[in-house]
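First comes the structure, then the notes that go with it.
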Protein chains: 2
Amino acid sequence: MHLREETVRSELIFDGKVVKLYKDEARLEDGSIVNRELIKHPGGVCVVPIDNEGNVYLVKQFRYPFQTELVEIPAGKLEYGEDHRQCGLRELKEETGAECDEFVYLGKLYPTVAYDSEIIHMYLARGLHFGEQKLDDDEFLDVFRVPFERAVEMTMNGEILDSKTQIALLKTKILLESKQ
Amino acid sequence: MHLREETVRSELIFDGKVVKLYKDEARLEDGSIVNRELIKHPGGVCVVPIDNEGNVYLVKQFRYPFQTELVEIPAGKLEYGEDHRQCGLRELKEETGAECDEFVYLGKLYPTVAYDSEIIHMYLARGLHFGEQKLDDDEFLDVFRVPFERAVEMTMNGEILDSKTQIALLKTKILLESKQ
């Protein structure tokens, strides 16, 4: 590790409900000082729920930064310190009403490495059993299902743009094919 | 589109070199008002460079939010209004020294849909010709190459965590396999 940047100053600019923003100064390996803008977020969990007929459950919801509806897999924000497996099972239940027999860790992703320390964990859920959808008070979303290969096609052709959804679906495809 | 959130107030909290942070109020479809924290960023471009021997060029650089080196494909930030194809060709040249005969658009990703409007465009570069690496003054990175299937393995096993790199490599794998 010869490329380290050492923090020499850190200022909390904004302490929000969702993000914290810091303005830092860091020393590079050549001794020069650079500014670093840093977002902190508690992170999240997303789940690829596949039923016994090979359909995947997707959610469509309005995403404020893009002023449009986006198609995603079920997901939610971690509380600080919360176990991501438990959070994933809870979000799956809340958004789709499903519990599952099999819950396989697919790894994690760093959405925005240059300026945001958020981490998202991914799971594959199979053996689904359905109860009732139970959303948060300020959460509005539509759940629908498509054949898994159709969701992969939506990722390849740009109908699915969200990063966690693209990665989790493509990793699932490669994982399932490797087991055939 | 029945899930719209209408902006009723927007306050610029921080106007940085990399990000802008807004604190907005939006009206939900049931009439209630919610706070929305919004990051704006000019977006970026990333490139999967594959040489005639089937190796992919990767870069390893220190990423401040994670306080460690991460493995990524070559990438760079767009200037506001800049053409993403030109930006991708420039970043490929700057970070690896390569020009290419073939530059195929792989689509885009939204890294952080809940609170950040950043968009990253992805390209596949083939038919590489090499000149000299030319980095920005505050940019320090190591370039190395691995067989393409090894890079896919690094994505599947968690050695590669960056979202744009995971998506661009997995989309490339599926695209190249579909053409075989």
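Letters A, B, ... are given to chains in the order of the sequence lines, protein chains preceding strands, and every chain is numbered from 1.
The part of Phe66(A) that comes within reach of chain B is its side chain, from C-beta onward, which places non-hydrogen atoms under 4.5 angstrom from that chain. Contacts of Ile119(A) with chain B are made by side-chain atoms alone, with heavy-atom separations under 4.5 Å and no backbone atom involved. At a 4.5 Å heavy-atom cutoff, the contact between Ile167(A) and chain B is made by backbone and side-chain atoms alike. Proximity to chain B is absent for every atom of Thr165(A), based on heavy atoms less than 4.5 angstrom apart. Heavy atoms of Leu21(A) lying under 4.5 Å from chain B belong exclusively to its side chain. For Ile39(B), the part lying near chain A is the side chain, with the backbone staying farther off; criterion is any non-hydrogen pair under 4.5 Å. There is no contact between Ser178(B) and chain A, counting heavy-atom distances below 4.5 Å. With a 4.5 Å cut-off on non-hydrogen atoms, Leu161(A) touches chain B through its backbone and its side chain both. Interface residue Lys23(A): only side-chain heavy atoms are found under 4.5 Å from chain B. Using a 4.5 Å cut-off between heavy atoms, Lys173(A) touches chain B through its side chain atoms alone.
Residues Ile50(A) and Phe130(A) do not share a hydrophobic cluster, defined by chaining ILVMFWY side chains whose heavy atoms lie under 4.5 Å apart. Both Ile160(B) and Ile73(B) are members of a single hydrophobic cluster when ILVMFWY side chains are connected at heavy-atom separations under 4.5 Å. The cluster map of Ile, Leu, Val, Met, Phe, Trp and Tyr, joined by side-chain heavy atoms under 4.5 Å apart, puts Leu169(A) and Val71(A) in the same cluster. Residue Phe62(A) is grouped with residue Val34(B) when hydrophobic side chains (ILVMFWY) are merged at heavy-atom distances under 4.5 angstrom, including chains of intermediate members. Linking Ile, Leu, Val, Met, Phe, Trp and Tyr residues whenever their side-chain heavy atoms come within less than 4.5 Å places Leu176(B) and Leu58(B) in a single cluster.
Atoms NZ and CG, from Lys164(A) and Leu109(B) in turn, are 11.5 Å apart once rounded to the nearest 0.5 Å. The CZ atom of Arg4(A) sits 8.5 Å away from the CD atom of Glu69(B) when rounded to the nearest 0.5 Å.
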Go through it in stages, so that I can follow the logic: the residues are Tyr115(A) and His41(B), the test is side-chain contact (heavy atoms from CB on, under 4.5 Å), and I'd like the CA-CA distance, side-chain angles, deciding distance and then a yes or no.
CA-CA 10 Å; Tyr115(A) 60 87; His41(B) 179 280; 3.2 Å; yes
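Among the candidates Ile174(A), Ile13(A), Leu70(A), the residue making the largest number of heavy-atom pairs closer than 4.5 Å to chain B is Ile174(A). Contact count against chain A (heavy-atom pairs under 4.5 Å) is highest for Val18(B) among Leu106(B), Val18(B), Leu38(B). Chosen from Asn35(B), Ile120(B), Thr7(B), the residue pairing most often with chain A at heavy-atom distances under 4.5 Å is Thr7(B).
The heavy-atom pair separating Lys108(A) from Gln166(B) by the smallest distance is O-NE2, 3.2 Å. What you find for Met156(A) and Leu175(B) is that their closest heavy atoms are CE-N, 3.9 Å. In terms of heavy-atom proximity, Glu118(B) sits nearest to Thr112(A) at OE1-CG2, 3.6 Å. Heavy atoms only, all atoms of each residue included: Val113(A) and Arg63(B) are closest at CG2-NE, 3.5 Å. Residues Pro65(B) and Asp116(A) share a closest heavy-atom pair of CG-N, 3.5 Å. The shortest heavy-atom contact between Ser163(A) and Pro111(B) is OG-O, 2.7 Å.
Judged purely by distance below 3.5 Å, without hydrogens or angles, the side chains of Glu72(A) and Tyr110(B) never pair a donor atom with an acceptor atom. At a cut-off of 3.5 Å, with distance as the only test, no side-chain donor of Tyr64(B) or Ser117(A) sits close to an acceptor on the other residue.
Distance alone, capped at 3.5 Å, is enough to place a donor-acceptor pair between the Glu37(A) side chain and the Lys17(B) backbone.
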